Student: 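The structure follows.
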Amino acid sequence: MNHDLEQLKEEIKYEKTNSCVQCGYCLPVCPTYATMGKETHSPRGRINLVKMVGEGKITDLSVLEEPMDLCLGCRACETACPTGVEYGGILEAARAAITRRKKFSVPVQTLRNTLFKEVFPSRKAMNFIGNSMWLYEKSGIQKLARKSGLVKKLPSHLGEFEAITPPAVSPWERSSLLRVTPAKGDKKYTVAFFVGCVMDAMFRKINHLSVKLLSEAGCDVIVIENQTCCGALHAHSGELEESKGLAKRNIAAFEKEEVDFIVNNAGGCGAMLIEYDHLLADEPLWVERAKRFSEKTKDISQILVLCGGIKSKDCLPQRVTYQRSCHMTNVLKVTKEPLRLIQSVPNVEFIEMNDANMCCGSAGIYNIVNYDASMEILDQKMENVKDTKATTIITTNPGCLIQMKLGIERENLNGSMRAVHLVEFLAEATGIL
């Protein structure tokens with residue numbers, strides 16, 4: 001029994017829980033504690049539950065399931081923590097331990113296997129999804145489904161998300177992303193662009209614009225073949241071994257090119273990529289390779305600033321606010337560069353919202369699987385957005401972008417407010433969009 005407990009301690013990263021002194025500095029910055037008011041749904045409460053499992057005081061890991069499932073994983077607690085608790089590592093280890101022991105129904109297990117092993121890791125599958133979305137729009141099926149009310153009958157509130165899905169690019173435009181796009185003017189850097197899985201399927205236009213912005217800024221841009229999903233969705237869902245496998249595939253693929261930086265345009269992906277060295281820390285054959293990969297990983301805003309910013313044209317006056325990506329803020333620690341780029345655009349009045357660092361409630365697929373909890377957080381976020389009287393909300397993560405669009409819909413602000421990715425905003429400012 002003791003041997004089993006020691007193994008479990010190692011599995012759930014028990015030693016990391018000893019850094020938590022239960023001071024409570026994490027409580028004010030935790031979205032779920034703010035909305036639910038339960039200690040078990042706070043960072044220190046969740047850590048204490050893991051600690052009790054490691055000490056054999058809790059023997060049924062299902063006790064951890066709801067508190068861990070309802071955590072957004074925003075990691076604001078890490079930024080607030082005075083003792084440097086590695087909450088993200090504890091959370092993912094606990095989720096993985098729960099998943100290994102949970103018996104899913106056959107349909108659920110089949111769905112998980114399909115999504116995590118066959119869909120997200122496959123560029124071919126994600127391209128098929130993107131092309132299917134385009135066909136759904138252009139064939140008239142979308143219009144018919146919406147007019148008939150069929151969309152509203154979709155389960156898990158998927159109809160609400162369908163209504164705000166961005167227009168898909170055509171199969172021809174999808175295939176037009178070049179493997180190498182040369183720098184315009186004097187070359188400053190050679191960068192490899194990480195396309196992502198959801199970004200590539202649903203937000204291919206933003207990927208195209210990202211490559212153009214990098215090229216205009218003076219970068220040779222290479223789209224690495226054989227790259228795959230970053231593994232964030234897998235890690236957040238307890239599929240830690242699958243996540244490690246994807247990390248190894250990406251490291252091996254990107255090692256084949258000599259580049260100065262590996263650039264992404266999604267806060268969630270960037271946070272996963274930059275922590276590959278932590279993910280593979282217990283694998284001697286990979287940890288140094290992962291460290292080199294992580295050291296090169298940068299958000300697109302960092303590279304654009306490093307290249308001297310963008311060449312803005314005169315824009316119509318607009319009032320904007322910025323929805324900060326939790327993972328960019330709390331993991332990547334990228335906070336100044338997006339604001340610097342936004343404020344460099346002429347005729348733009350930037351207004352910071354209250355509680356700007358608070359999560360919007362998206363968190364990957366959290367807003368789908370924990371819809372009610374997510375909407376409670378979103379509604380508070382939208383109150384802060386409305387107080388700015390902004391006409392444009394700028395985001396740096398696809399989940400945040402979808403969530404902000406949903407917030408605008410819920411507040412009936414479609415005619416007076418929009419949500420855009422930072423890349424779209426900068427593309428407008430430079431005239432390439």
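Sequential numbering from 1 along the given sequence is applied to the chain's residues. Because the structure is a prediction, the values reported are computed rather than measured.
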Student: Quick one, Asp60 with Ser62, criterion side chain to side chain donor-acceptor pair (under 3.5 Å). Give me CA distance, side-chain angles, the key distance, then yes/no.
Tutor: CA-CA 5 Å; Asp60 182 2; Ser62 66; 2.8 Å; yes
Student: Any idea which heavy atoms bring His421 and Leu401 closest together, and the distance?
Tutor: N-CD1, 3.9 Å
Student: First locate atom SG of Cys326, then atom CG of Asn357, and finally report the distance between them rounded to the nearest 0.5 Å.
Tutor: 8.0 Å
Student: Kindly indicate, with the supporting measurements, whether the criterion salt bridge (charged side-chain N to carboxylate O under 4.0 Å, His left out) is fulfilled by Arg249 and Glu242.
Tutor: CA-CA 11 Å; Arg249 283 174 58 183; Glu242 292 293 331; over 6 Å; no
Student: Rounded at 0.5 Å granularity, tell me how far OH in Tyr276 sits from SG in Cys230.
Tutor: 5.5 Å
Student: Run the salt-bridge test on Glu283 and Lys248 with the 4.0 Å N-O cut-off and return the result as yes or no.
Tutor: yes
Student: Report the C-alpha distance between Glu383 and Lys386 in whole Å, list the side-chain angles of each, state the deciding distance to 0.1 Å, and finish with yes or no for salt bridge (charged side-chain N to carboxylate O under 4.0 Å, His left out).
Tutor: CA-CA 5 Å; Glu383 288 302 315; Lys386 288 189 294 183; 3.2 Å; yes
Student: Between Lys244 and Glu239, is there a side-chain N and carboxylate O pair less than 4.0 Å apart?
Tutor: no
Student: Does any non-hydrogen side-chain atom of Asn265 lie less than 4.5 Å from one of Leu209?
Tutor: no
Student: Between Cys71 and Leu91, what is the shortest heavy-atom contact and its length?
Tutor: SG-CD2, 3.8 Å
Student: Does the side chain of Cys30 come within less than 4.5 Å of Cys77's, by heavy atoms?
Tutor: no
Student: Answer yes if the side chains of His278 and Glu275 hold a donor-acceptor pair under 3.5 Å, and no otherwise.
Tutor: no
Student: Below 30° counts as parallel, above 60° as perpendicular, anything between as tilted: where do the rings of Phe254 and Phe293 land?
Tutor: perpendicular
Student: Are Phe261 and Tyr189 close enough that their ring centres sit under 6.0 Å apart?
Tutor: yes
Student: Do Gln403 and Asn367 pass the side chain to side chain donor-acceptor pair (under 3.5 Å) test, and can you show the C-alpha distance, the side-chain angles, and the key distance before you say yes or no?
Tutor: CA-CA 8 Å; Gln403 191 80 335; Asn367 52 1; 2.9 Å; yes
Student: With side chains defined as the heavy atoms from C-beta onward, is the minimum distance between Arg324 and Glu352 less than 4.5 Å?
Tutor: yes
Student: Quick check: closest heavy atoms across Met358 and Pro31, and the distance to 0.1 Å?
Tutor: SD-CG, 3.6 Å
Student: Nearest 0.5 Å please: distance from the CD atom of Glu295 over to the CG atom of Asp277.
Tutor: 8.0 Å
Student: Consider only side-chain N and O atoms of Thr391 and Arg319, and report whether a donor and an acceptor are under 3.5 Å apart.
Tutor: no
Student: Could you tell me whether a side-chain N or O of Gln227 sits under 3.5 Å from a main-chain N or O of Phe193, the two making a donor and an acceptor?
Tutor: yes
Student: Determine, step by step, whether Asn264 and Lys298 satisfy the side chain to side chain donor-acceptor pair (under 3.5 Å) criterion, reporting the C-alpha distance in whole Å, the side-chain angles of both residues, the deciding distance to 0.1 Å, and the verdict.
Tutor: CA-CA 7 Å; Asn264 71 88; Lys298 302 292 180 184; over 6 Å; no
Student: Have Tyr366 and Asp69 got a donor and an acceptor in their side chains that come within less than 3.5 Å?
Tutor: no
Student: Checking side chain to side chain donor-acceptor pair (under 3.5 Å) for the pair Thr395/Gln323: CA distance, chi angles, key distance, verdict?
Tutor: CA-CA 5 Å; Thr395 75; Gln323 163 53 33; over 6 Å; no
Student: Step by step, work out the side chain to side chain contact (heavy atoms under 4.5 Å, CB included) result for Asn113 and Glu118.
Tutor: CA-CA 7 Å; Asn113 288 342; Glu118 305 296 334; over 6 Å; no
Student: Hey, which of Arg46, Glu39, Arg44 is the one that makes side-chain hydrogen bond (donor to acceptor under 3.5 Å, both in side chains) with Ser42?
Tutor: Glu39
Student: For the pair Lys296 (side chain) and Val259 (backbone), establish whether a donor and an acceptor sit closer than 3.5 Å, ignoring hydrogens and angles.
Tutor: yes
Student: Check the side chains of Asn207 and Asp200 for a donor-acceptor pair under 3.5 angstrom, ignoring hydrogens and angles.
Tutor: yes
Student: Taking the basic N atoms (NZ, or NE/NH1/NH2) and the acidic carboxylate oxygens, is any pair closer than 4.0 Å for Lys311 and Glu216?
Tutor: no
Student: May I ask you to check whether Tyr33 and His41 place their ring centres under 6.0 Å from each other?
Tutor: no
